[in-house]
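Please read the structure below before turning to the comments.
Order of listing sets the numbers, starting from 1, for every ligand and every atom in it.
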Amino acid sequence: MLVQKFGGTSVGSVENMNHVKEIITDGSRKVVVLSAMSGTTNALVEISDAICSQESSTALELIETLNKKYVHTISELLNENFLIAEAQEYISKVFDSLREITILDYTTFSYNKIVAQGELLSTYLFSSLLRQEGINAMLLPALDFMRIDNNNEPDAFYIKQNLQRILSKNEHIDIFITQGFICLDVQGQISNLQRGGSDYTASIIGAAIEAQEVQIWTDIDGFHNNDPRFVENTTAISQISFDEAAELAYFGAKILHPQTVMPVRDLNIPVRLKNTMLPAAHGTLITHHVTGEGIKAIAAKDGIYAIKIKSARMLQAHGFLKRVFEVFEKYETPIDMVTTSEIAVSLTIDNASHINAIVQELEKIASVEVDDSMSIVCLVGNNIIYHQDTPHLFQILQDVSVRMISYGGSNNNISLLINTTDKKETLNNLQRYVFESHEELLEI
Ligand code: ADP
Ligand code: ASP
Ligand code: MG
């Protein structure tokens, strides 16, 4: 079986939903994972924020605007009267329940319930379209099988058991339509796999059903060698390894949720990235196969804090780093980059929830400085630290101030820490230094 996931833009208009319908009706049996229509989850987050800050009239206005969008979508998407009536009833219920939440006490549960509506709406409407066209498909509620455990990790055993049971009970069905992103938590309450999580849903399902391939259909023709939101002339990469893709996704390549490759990597299930609007384009194939030498792609991750821990006690002493790391361990805060000198260590974190407590503890053993609004720029490729073209990247030191460099941690990754305000310039200059002609640069 195949798993095909379609993102927000891919289901963001009636025209695109019809493209999706063409793509999925190729005759192979599959699970189709849908995101919310583009803009919907952001709108739901805004609604939730307004409710949380007790601005109920703002919340109600936002709900009204979104409601209208769906009324309009139904009128364009469906022409069978009974399907139109059913869909209208469904969306009335959804929007009435949102209006109700505005007068109830706001909790985390409310947030999770509100943001879940996007995927529930898109899958409902898309299934109605397939019914209208007489396609042999079934709506498979994600909350019937998708569950996370106490550590917010997918409960692989539960998911596999439930999915396999449902699929084998419905052997006559060709296409199962399910929601990305949403799941249940251990208490059985509605939860989610974090923003962008529909990609992760697809790979979790891929692993559970041992799919032959997981396809992520989006609005671009595959994994590009740099972030197309900030750099022009980026190009699609035809093949990339699981490790390279995981690293780039972790360090900010928005095309993939950071966890996407984890469930399928060990099972060696390929992940293919494709463009819904341009299905003939090759896209990107992610497997264990490592191709090429040198820098393959660049990504950047924002929201980074740099912490400098300085102490004369570090000089020729042992055990200092252990004490530093223990503080981060205690607050379950992962560290991304580390550089050391004889009397100081600098490191980065992206989760600042315990930063005050961490700094207080570190100040017992050293002086501490924290810089926020930093970005990690990550360069990934096979054996890049030995490649002849790699030195060109260090031209960047002439353009922006680089706070930290991590080189040699692995052969396949180099990371730079910069101010977020320098990100665009950094990505653009690296694009030239790394991927474009080197001759003119050698003359500098
Ligand atoms: P979807 O809604 O289909 O999940 P996303 O917006 O989450 O789509 O991801 C696709 C977007 O990711 C692209 O439109 C592009 O702007 C952005 N992006 C960031 N980095 C990359 C990259 N390295 N390669 C391709 N796209 C990238
Ligand atoms: N709709 C969710 C979001 O916008 C999940 C996804 O699109 O992957 O984050
Ligand atoms: Mg996405």
Minimal non-hydrogen separation, K296 against T291, with atom names
NZ-O, 2.9 Å
Looking at ligand 2, would G196 count as a contact under a 4.0 Å heavy-atom criterion?
yes
Between T218 and ligand 1, does any nitrogen or oxygen pair lie at a separation below 3.5 Å?
yes
Under a 4.5 Å cut-off applied to non-hydrogen side-chain atoms, are R147 and C183 in contact?
no
Out of R195, Q179, K5, who gets a non-hydrogen atom closest to atom 9 (O) of ligand 2?
R195
Hey, looking at atom 4 (O) of ligand 1, which of R229, H224, H257, K5 has the closest heavy atom?
K5
For atom 5 (P) of ligand 1, closest protein heavy-atom neighbour
K254 NZ, 3.7 Å
Below 3.5 Å, N or O to N or O, backbone or side chain included: is there any such pair between G8 and ligand 1?
yes
Using non-hydrogen atoms of the residue, decide whether G197 is closer than 4.0 angstrom to ligand 2.
yes
Min over S35, P228, S198, S38 of heavy-atom distance to atom 21 (C) of ligand 1 lands on P228
Is there side-chain contact between T102 and I63, with heavy atoms separated by less than 4.5 Å?
yes
Write out the residue and atom name of the closest protein heavy atom to atom 25 (C) of ligand 1, then the distance separating them to 0.1 Å.
G222 O, 3.4 Å
Is the shortest N/O to N/O distance between D199 and ligand 2 below 3.5 Å?
no
Below 4.0 Å from any atom of ligand 2, is there a heavy atom belonging to E119?
yes
Atoms of ligand 1, numbered as shown, that sit under 4.0 Å from any heavy atom of I220:
13 (C), 25 (C), 26 (N)
Looking at S35, which atoms of ligand 2 are within less than 4.0 Å of one of its heavy atoms?
6 (C), 7 (O), 8 (O)
